[in-house]
2 protein chains.
Amino acid sequence: MAMPPRKRGPRRSVDRSTVLDAALALVDSGGLQALTMRSLAAEVGLTPGALYTYFPDRAAIVSALVDALLAEADTSVLATAWPWQERITTFALGLRDVLLRHPGIVPALLGDAFRGPVALTVGERLLDALADAGLPPDEAARASYGVMVYVLGAIALEAAEIPPGAPAAPEDVRIAERRAALGHLDPSAHPRTHAAADTIAAYVSTDQFRWGLNRMLTGLRR
Amino acid sequence: MAMPPRKRGPRRSVDRSTVLDAALALVDSGGLQALTMRSLAAEVGLTPGALYTYFPDRAAIVSALVDALLAEADTSVLATAWPWQERITTFALGLRDVLLRHPGIVPALLGDAFRGPVALTVGERLLDALADAGLPPDEAARASYGVMVYVLGAIALEAAEIPPGAPAAPEDVRIAERRAALGHLDPSAHPRTHAAADTIAAYVSTDQFRWGLNRMLTGLRR
DNA sequence: ACCTGAACACCGTTCAAGT
DNA sequence: ACCTGAACACCGTTCAAGT
């Protein structure tokens, strides 16, 4: 029975990944602003100052969190022998899945992230896929950025509508809420918006995400 | 000489727009985090608590700032008789111009904004343009979101690379800096990235913004 | 209505001191 | 190396009291 002396909180043995796990839990349950050095320290059973043993500052924790989450997306699909559109679409859907399960860190993702190590390999694999699409290197690179802009933009807009703290309502509920909000609209002031309310409510659907990505890919292939 | 009694700071007479002007100046000169109730109060010559006469809380100030900036973009081009692609492209370039002049508030724009009054009219006008493109209402709506995703995504990624506080280096300088950073890259680990470094460095150019938008519009018209 | 002064309940970060 | 306890310099927000 050689249990290490367990004091106070839920601490067992602390290292960087323990801290990151606790940080993610805090962000998931209260948004980015719920991640404070004090709440995080309490979560792992430490004093706030002790966290500086593992990370230089709060920003480094957020960055590490972003990169860890990015790494959770399955990049291997980009390296399969599937048709290039399917590779890109499947990866994008997977990334969206991961990030919408943790909507609280998405603002940070756009803020400081797409230059981390994971982003680099995603970029390289994207260039592979677009080369397979028959695009010359220069055009493949431009197209690659087009894909990233669309994917990250769509995820950011969707994540922004998910209130922090809750575990993200299912898609149909989120769409229904948007549809209800669009009901309180002056039809004469915004006739086209009013007429297309059902479609607009479904902007945050997987179907719309796919549709838009497909159109983008179509345009990129020229 | 009936000057009102001028005390202390740069105060003359304070109202909501005075506060917003000062808030924007703070964000421009130090990013969103430089906008504190205390710094803002000092800027307009008030006590922090007095700001709550004009806005319910800090978040309301940020939201009002976003909407004011959005309103600065010229939406009238969307209502011209120009070809639909030109209307959308010109508006998008104008929006990008406005927002990249104030990169500090862009995170807030994506965070809470595209449902303000300005966003509504932009959406309606976008539907006009896409109807003129010959798209049926449902498809025009989906396409409209595609355009917003691309435009906001591109602006967000660009703004994220502009360090706060500085007045945003000119485009060629930003590209040169990216090019230099890409020089410190292992060519064998990321061969395609290395080979396309010049193009990748220029991701943040007006030219790339236009190119990607053009491809998106091409895809949307099918 | 508008504003001050002061307080309350927080922050991130640093640092001597201990183990 | 890792951690505590305490401090420093901040935050947003509230509220009695004044005009």
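Here is the naming used below: chain letters follow the sequence lines, and residue numbers restart at 1 for every chain. Just so we're clear, the structure is a prediction, and the values are computed from it rather than from any experiment.
- Here the separation of D/dA16 from C/dC2, taken at their C1' atoms, is 15 Å to the nearest Å.
- Side-chain contact of B/T206 with B/R96: a donor-acceptor pair under 3.5 Å is present, judged by distance alone.
- Note on A/F55: nothing from the nucleic acid sits closer than 4.0 angstrom, heavy atoms only.
- Taking only side-chain nitrogens and oxygens, B/T53 never comes nearer than 4.0 Å to OP1 or OP2 of C/dC2.
- A/L78 is not listed as a side-chain neighbour of A/D128, based on a closest heavy-atom distance of 4.5 Å or more.
- Annotation: salt bridge (charged side-chain N to carboxylate O under 4.0 Å, His left out) contacts involving residues 201-212 of chain B, sequence neighbours excluded, comprise A/R142-B/D207.
- Under the 3.5 Å distance criterion, with hydrogens and angles disregarded, no donor-acceptor pair is assigned to the side chains of A/S205 and A/E171.
- Two residues are said to be in side-chain contact when any heavy atoms from C-beta on lie closer than 4.5 Å; A/D74 and A/F91 fail this criterion.
- Nucleotides D/dC15 and C/dC3 have their C1' atoms positioned 12 Å apart, rounded to a whole Å.
- Among the duplex regions that DNA chain D forms, those built from at least three successive Watson-Crick or G-U pairs under 3.5 Å are C:4-8 with D:12-16, C:12-16 with D:4-8, ordered by first number.
- Checked by atom type, the side-chain pair A/T18/A/D15 shows a donor-acceptor distance below 3.5 Å.
- Relative orientation of the B/Y145 and A/Y203 rings is parallel, given thresholds of 30° and 60° on the angle between their planes.
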Subject >> side-chain contact (heavy atoms from CB on, under 4.5 Å) evaluation trace for B/V27 with B/H102 >> reply: CA-CA 8 Å; B/V27 171; B/H102 307 283; over 6 Å; no

Using a cutoff of under 3.5 Å, can you pull out all pairs of nitrogen or oxygen atoms linking the protein to nucleotides 10-14 of chain C, with atom names and distances?
| from | atom 1 | to | atom 2 | distance (Å) |
| --- | --- | --- | --- | --- |
| C/dC11 | N4 | A/R38 | NH2 | 3.4 |
| C/dG12 | OP1 | A/M37 | N | 3.2 |
| C/dG12 | OP2 | A/M37 | N | 2.9 |
| C/dG12 | N7 | A/R38 | NH1 | 2.5 |
| C/dG12 | O6 | A/R38 | NH2 | 3.2 |
| C/dT13 | OP2 | A/Y52 | OH | 2.9 |
| C/dT13 | OP2 | A/R58 | N | 2.9 |
| C/dT13 | O5' | A/Y52 | OH | 3.2 |

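- In this structure, CG of B/L46 is placed 10 Å from C1' of C/dT4, rounded to the nearest angstrom.
- Rounded to whole Å, atom P of D/dC2 lies 12 Å from atom CZ of A/R16.
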